[in-house]
**Student:** 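For reference, the structure I am asking about is given below.
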Number of protein chains: 2
Amino acid sequence: MQTPEPLGATRPTSKDVARAAGVSQATVSLVLGEKWRGRVSERTAGTVREAARELGYRPNLAARNLRLGRTRTALLVVPALTNEFFAHVYTGAAAVAADHGFGVVLYPSPDGVGPARDPFASAQTALDGVLASSMATAALEAFRGGELPLVMLDSDPADTGAAAHVNLDVARGMRLVTAHLLALGHRRFLHLASAAPSWTFDVRAAALGEALRGAEVRTVRSPLTVAAAREAAGAALAAPGPRPTAVVCDDDILAAGVCKAARRLGLRVPEDLSVTGFDDMALATAVEPELTTVRLPAEEFGRRGMEALLAVLAGEPARSDVLPAELVPRGSTGPAPAP
Amino acid sequence: MQTPEPLGATRPTSKDVARAAGVSQATVSLVLGEKWRGRVSERTAGTVREAARELGYRPNLAARNLRLGRTRTALLVVPALTNEFFAHVYTGAAAVAADHGFGVVLYPSPDGVGPARDPFASAQTALDGVLASSMATAALEAFRGGELPLVMLDSDPADTGAAAHVNLDVARGMRLVTAHLLALGHRRFLHLASAAPSWTFDVRAAALGEALRGAEVRTVRSPLTVAAAREAAGAALAAPGPRPTAVVCDDDILAAGVCKAARRLGLRVPEDLSVTGFDDMALATAVEPELTTVRLPAEEFGRRGMEALLAVLAGEPARSDVLPAELVPRGSTGPAPAP
DNA sequence: CCGCCGAGGTTTTACGTATAACTTCCGAGG
DNA sequence: CCTCGGAAGTTATACGTAAAACCTCGGCGG
């Protein structure tokens, strides 16, 4: 006797439907596969569909996609989904995938706590391709030189190993921010950078350094939480010496922390201190004053990434892409205070 | 650098490994399945493993899990992931699932925009069970009376059809909030409720009504965005008649909107107006003043939900559960202003 | 009348893995 | 000498679906 097999009741198969409809299994497959024109009579097709409905039949997609390389499933590798940005990326990627009959499974890697096991096993399914963010640093190693087609999001285009790269023009975003602040008369800056190592943050730092050549710039790193940013910014703003008049942040979350630190020090934003964010997530307009920030088209980013991956899978020439970033001036920046 | 063949990127199979190792396919399966003790010699096992490594073999999990009801994959049905709360739920659920060798695929249903197609097809895989939030109203219909084991998150326990229910004690959360505000002397309230229909919001409204029996309560509904909440609250606060001194919100997002509306009307929080949130997401401590709110253990919620589902799948008695809610007093509430 | 054709199916096979059932070899106990 | 039994495999089959290859049966042009 076998194990009691308490796992879900065994569902009806195409064979069961065939028996109920009085036809062969192949006919059921033809009818339900929507490719029966001229192969099965309208009457029989109706009977089959009725029987399928009656039994509550649903095809076993695992069986359907048995052949390797045709599972129509992509893996999305991102840092923790609790970062709103990546929730948007997922939304975009999943939408495009769905339009092409593809599914998306997630491989979220909360920094350090990521699944220590085989990433493919943890995805619990066979995969056709991988769409990975360069911010998921730890997890990424597992896919380097992997045998699966790989499209990278926001990673160094010079990096080989990926079939295509879709990037955000964060360098331009940073240039827009610095130009905005320079025009407002700011000359002493604090750059509150992300402590997480990632190409996209390296690019931001480089662009900022380039644009502010000659100005006074101090850099402090912080994890991507409001509390951590508040501590880091608080310490930096209270340090001896002339105080910066503008803080450029790598993320809206960091900017929100800076605003809190400023308030705690009795500094008004933007009268005493200008603050800029990055990403333009919901948080940017939830705080007061609303954050001047750089809008990144997160959902479009996910869409374009998935489109590139699907193109690669279809054997089309891989189309790498760079999406524009845009300055959104709001209330957290203003003229530099008189010296 | 061999560019993998586009679509027919056929990966090595256990048969290929067998050929390379000079054994039969069954032996490969035995060795790699870790169930070869006493069946295969140490030497042969080594050869097989070496060959598998050499070819980069990975078992096709779709094929392995062909038999229905043993796919070790669960579906998580939630509203848009861009709501931080559900990102946490996913994190908890996925962690528990991974510990049991289960995968989690998402079925996010952005209200109304959800996948119009067959939800199972869109999940692109065979499923063993479903873990669904009652907030994913539209998508939920598809699973009602479905043949899959279903565990509901935050839905009416009287609702049959689910094998188990895991709930948050939002009624108690609401009672804690109202008691807090009553103790501060508030007597005129505005309840900013979620416009999305869901059992959890009904419970909150009922608990609030009960606790504030005798007090003056007005209710306004708003979608779960800061901008919408600001508009709704702004209109309600500017309405003629005595102004409420406290606003109870169904969500931190709504509370953030209320704070913005208050500022626009020249009202100080909490001196002129007390505001409370719900959920205690990152937003609650990102705004100024920080929100008095009800902490919901979102990640634990996801964990317990998945544990309940796995228990059901294992044939164990379904254990429904209610998780506690906790008041977190912060700066957005204070004594009622003198009349 | 024959051969051909197309409609409307059926039979058969392939997919990749797991596993039940079977074989073979070899040393030991009777 | 014969049998038994375990180690170390192999062969065969099942899983559910898709699809290729194959039938069967009228109708029709020649």
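The figures that follow rest on heavy atoms only: side chains count, while hydrogens, waters and symmetry mates do not. Within every chain, numbering begins at 1; the chains are lettered A, B, ... in the order of the sequence lines, protein sequences first and strands thereafter.
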**Student:** If you check every side-chain atom of Y57(A), which of dT17(D), dG9(C), dT19(C) has the closest atom?
**Tutor:** dT17(D)

**Student:** Kindly indicate whether the side chain of E42(B) and the base of dA8(D) share any N or O donor-acceptor pair separated by less than 3.5 Å?
**Tutor:** no

**Student:** Using atom NZ of K15(B) as one end and atom C1' of dA12(D) as the other, report the distance to the nearest whole Å.
**Tutor:** 12 Å

**Student:** Could you state the CG-P distance from L55(B) to dG16(C), rounded to the nearest angstrom?
**Tutor:** 14 Å

**Student:** Atom CZ of R39(B) and atom P of dT19(C): how far apart are they, to the nearest Å?
**Tutor:** 11 Å

**Student:** To the nearest angstrom, how far is R37(B) atom CZ from dG9(D) atom P?
**Tutor:** 16 Å

**Student:** For the side chain of S24(A), starting at C-beta, report the closest nucleotide among dT10(D), dT11(C), dG8(C).
**Tutor:** dT11(C)

**Student:** Give a yes or no answer on whether the side chain of T91(B) reaches the backbone of A87(B) with a donor-acceptor pair at less than 3.5 Å.
**Tutor:** yes

**Student:** Does S14(B) put a side-chain nitrogen or oxygen below 4.0 Å from OP1 or OP2 of dA18(C)?
**Tutor:** no

**Student:** Is the shortest side-chain N/O distance from T27(B) to OP1 or OP2 of dA8(D) below 4.0 Å?
**Tutor:** no

**Student:** Whole angstrom is fine here: how far is it from CZ in R43(A) over to C1' in dG8(C)?
**Tutor:** 12 Å

**Student:** Please list, chain by chain and in numerical order, all residues satisfying salt bridge (Lys or Arg N to Asp or Glu O under 4.0 Å) with D156(B), sequence neighbours excluded.
**Tutor:** none

**Student:** For the side chain of S134(B) and the backbone of D154(B), is there at least one donor-acceptor N/O pair under 3.5 Å apart?
**Tutor:** yes

**Student:** Please report the distance, rounded to the nearest Å, between CG in L32(B) and C1' in dA18(C).
**Tutor:** 12 Å

**Student:** Between dG9(D), dT10(D), dG9(C), spot the one nearest the side chain of V40(B), thanks.
**Tutor:** dG9(D)

**Student:** Using a heavy-atom cut-off of 4.0 Å across all strands, would you classify V28(A) as base, sugar-phosphate, or nothing?
**Tutor:** nothing

**Student:** Are OP1 or OP2 of dA19(D) and a side-chain N or O of S29(A) less than 4.0 angstrom apart?
**Tutor:** no

**Student:** Both A45(A) and Q25(A) contact DNA chain C. Taking the nearest nucleotide for each, which residue is further toward the 5' end?
**Tutor:** A45(A)

**Student:** Write down the distance between CH2 (W36(A)) and P (dG6(C)), rounded to a whole number of angstrom.
**Tutor:** 20 Å

**Student:** Quick one: does N167(A)'s side chain have a donor or acceptor within less than 3.5 Å of a partner on S155(A)'s backbone?
**Tutor:** yes

**Student:** Should R303(B) and E307(B) count as an ion pair when the cut-off is N to O under 4.0 Å?
**Tutor:** no

